[in-house]
Q: 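Take a look at the following structure, please.
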Amino acid sequence: TDLALQILAECGKDTFGQTINVENKTGGSGTVGLTEALNAAADGYTLGTCSVDLITLPLLGLAPAETTRDAFDPICVINGEPAAIIVRADSRWNTIQDFLAEAKEKPGTVQLANSGMGDIWHLAAIGIELETGASFNHVPFDGAASALTEAASNIASGELKVLAVANTERLEAYPDVPTFQEVGVDLTIVALRGLCVNKDPPDDVKKALCDGFEKVINSDACREKIEAANMTYMPLNAQETNDILDLSLIHISEPTRPY
């Protein structure tokens, strides 16, 4: 998340005519920073991170009740990593249908890795189970988060292959990979990285932020930096961010109920 925001800040300084500082506020699974953004002055100079945590943390009881998605207005997103089924290139599964069929026929035998119970990738896997009747062996392990970060280079090198992505449309980087929606699985879950602001600034301030950052996220420089960092370039304006958060809320709510 920090790298994506650093790129936004670096690319945005010319548009806004001033330095944009990124300040990490650690603790509380990210809620410390969100709480500060929530209580910031109504001048639009203090922004928060717009991520799927605005949905997952309150649902899991890990965030104060007031730091929810409804407390913020999205400004933009620059990077989004959809939940995906990624397997070894030499695996026996060549389609998502093959993968899901085995997970139904042999419940609990197909392993799915995640970086912790209740994290977004674990919740996505539960969502797949609920939508399809498949049953996975969920395996949390140290290093899963960094492995996901490195997935793009491993896919490019031919070591891994992607069977499906939980995005609203196919990814430009993998045009031959279907979305879950295309194969009849109603699932959209994307780990977003962008900016939001609390509800207090006046409309003209919010409009200036949204218009300015829309130029930033669609700039060639921003795209080049995101792709050079092996992140998925996903420029979304305020309304597009709202739309994908709406879908994520629908598809994440049910998997979080056991927690």
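Being a predicted model, the structure only gives us computed values, none of them experimental.
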Q: Side chains of V177 and I96, heavy atoms from C-beta outward: is any pair under 4.5 Å?
A: no
Q: Working to the nearest 0.5 Å, report the span between CG of D2 and CD1 of I7.
A: 10.0 Å
Q: Report yes if the side chains of L100 and V185 come closer than 4.5 Å at any heavy-atom pair, otherwise no.
A: yes
Q: List the residues meeting side chain to side chain donor-acceptor pair (under 3.5 Å) with E240, not counting sequence neighbours, and say none if there are none.
A: none
Q: Return the minimal non-hydrogen interatomic distance between A103 and A134, and the atom names on each side.
A: CB-CB, 3.7 Å
Q: If every non-hydrogen atom of P82 is compared with every non-hydrogen atom of L171, which pair is closest and at what distance?
A: CG-CD2, 4.0 Å
Q: Just how far is it from atom CG of N198 to atom CG of N39, taken to the nearest 0.5 Å?
A: 8.0 Å
Q: Could you tell me which residues satisfy ring pair (Phe, Tyr, Trp, His ring centres under 6.0 Å) with F180, sequence neighbours excluded, listed by chain and number?
A: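 Expected list: none.
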Q: Please report the shortest heavy-atom distance between T241 and C76, naming the atom on each side.
A: OG1-C, 3.8 Å
Q: Any side-chain heavy atom of D98 within less than 4.5 Å of one from R92?
A: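 No, side chains not in contact.
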Q: Among I78, T232, I217, find the one that has a side chain to side chain contact (heavy atoms under 4.5 Å, CB included) with I226.
A: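 That would be I78; it is the only one of I78, T232, I217 passing the side chain to side chain contact (heavy atoms under 4.5 Å, CB included) with I226.
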Q: Of the non-hydrogen atoms in D200 and A40, which two are nearest, and what is the gap between them?
A: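 Residues D200 and A40, closest heavy atoms: OD2-O, 4.4 Å.
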Q: Using side-chain heavy atoms (C-beta onward) and a distance below 4.5 Å, is E159 in contact with I155?
A: no
Q: Taking the side chain as everything from C-beta on, heavy atoms only, tell me whether Q181 gets closer than 4.5 Å to T168.
A: no
Q: Could you tell me which non-hydrogen atom of L34 sits nearest to which non-hydrogen atom of F72, and how far apart they are?
A: O-CZ, 3.5 Å
Q: When rounded to the nearest 0.5 angstrom, what distance separates OG1 in T49 from CG in L5?
A: 4.5 Å
Q: About how many Å separate CG of L54 and CG of L192, when rounded to the nearest 0.5 Å?
A: 9.0 Å
Q: Any salt bridge linking E102 with K104? Criterion: basic side-chain nitrogen under 4.0 Å from a carboxylate oxygen.
A: no
Q: When you group the ILVMFWY residues by side-chain heavy-atom contacts below 4.5 Å and let the links chain together, are I250 and W121 in the same group?
A: no
Q: Suppose the criterion is ring pair (Phe, Tyr, Trp, His ring centres under 6.0 Å): which pairs have a residue in residues 192-245, not counting sequence neighbours?
A: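 Qualifying pairs: F16-F213.
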Q: Would you say the side chain of Q18 lies within less than 4.5 Å of the side chain of K13, judging by non-hydrogen atoms?
A: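 No - every pair of side-chain heavy atoms lies 4.5 Å or more apart.
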Q: Apply the side chain to side chain contact (heavy atoms under 4.5 Å, CB included) test between I55 and each candidate in T256, L249, L60, T68; give the one that qualifies.
A: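 Testing I55 for a side chain to side chain contact (heavy atoms under 4.5 Å, CB included) against T256, L249, L60, T68 leaves exactly one candidate, L249.
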Q: For C50 and L245, work out which heavy atoms get closest and say how close.
A: SG-CD1, 4.2 Å
Q: Whether the side chain of N79 engages the backbone of M231 through a donor-acceptor N/O pair (distance < 3.5 Å, no angle test) should be reported.
A: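 Such a contact is absent between N79 side chain and M231 backbone.
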Q: Hey, what do you get for OG (S219) to CG (L8), rounding to the nearest 0.5 Å?
A: 9.0 Å
Q: Using side-chain heavy atoms (C-beta onward) and a distance below 4.5 Å, is E214 in contact with V216?
A: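 Of all side-chain heavy-atom pairs linking V216 with E214, none is under 4.5 Å.
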Q: Charged N to carboxylate O below 4.0 Å: is that the case for K199 and D73?
A: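 Result for this pair is yes, salt bridge flagged.
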Q: Can you establish whether the number of heavy atoms outside K215 located under 6.0 Å from its atom NZ is more than 12?
A: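 It does not: K215 NZ has 12 such atoms or fewer within range.
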Q: Would you check if there is a donor-acceptor pair between the side chains of N242 and R69 at a distance under 3.5 Å?
A: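 Checked: R69/N242 side chains pair up, N/O donor to acceptor below 3.5 Å.
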Q: In plain terms, say whether E10 and K225 are close enough for a salt bridge, that is, a side-chain N and a carboxylate O under 4.0 Å apart.
A: yes
Q: What residues form a side-chain contact (heavy atoms from CB on, under 4.5 Å) with I120, not counting sequence neighbours?
A: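 I120 satisfies side-chain contact (heavy atoms from CB on, under 4.5 Å) with V52, I189, A191 once adjacent residues are dropped.
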Q: Within the 4.5 Å heavy-atom criterion, are P175 and R170 side-chain neighbours or not?
A: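 In short, these two side chains do not touch, never coming nearer than 4.5 Å.
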Q: Please say whether more than 12 non-hydrogen atoms of neighbouring residues, nucleotides or ligands are located less than 6.0 Å from CG in D203.
A: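 It does not: D203 CG has 12 such atoms or fewer within range.
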Q: Quick one: do the Q239 and D243 side chains pair a donor with an acceptor below 3.5 Å?
A: yes
Q: Taking only residues two or more places apart in sequence or in another chain, which ones pass ring pair (Phe, Tyr, Trp, His ring centres under 6.0 Å) with Y45?
A: none
Q: Which distance, rounded to the nearest 0.5 Å, do you find between the OG1 of T95 and the CD1 of I85?
A: 12.0 Å
Q: Does any pair with a residue in residues 126-137 pass side chain to side chain donor-acceptor pair (under 3.5 Å), and if so which ones, sequence neighbours excluded?
A: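 Output for this query lists E129-H138.
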Q: Would you kindly confirm whether L247 and L123 end up in one hydrophobic cluster when ILVMFWY residues are joined by side chain heavy atoms under 4.5 Å apart?
A: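 No.
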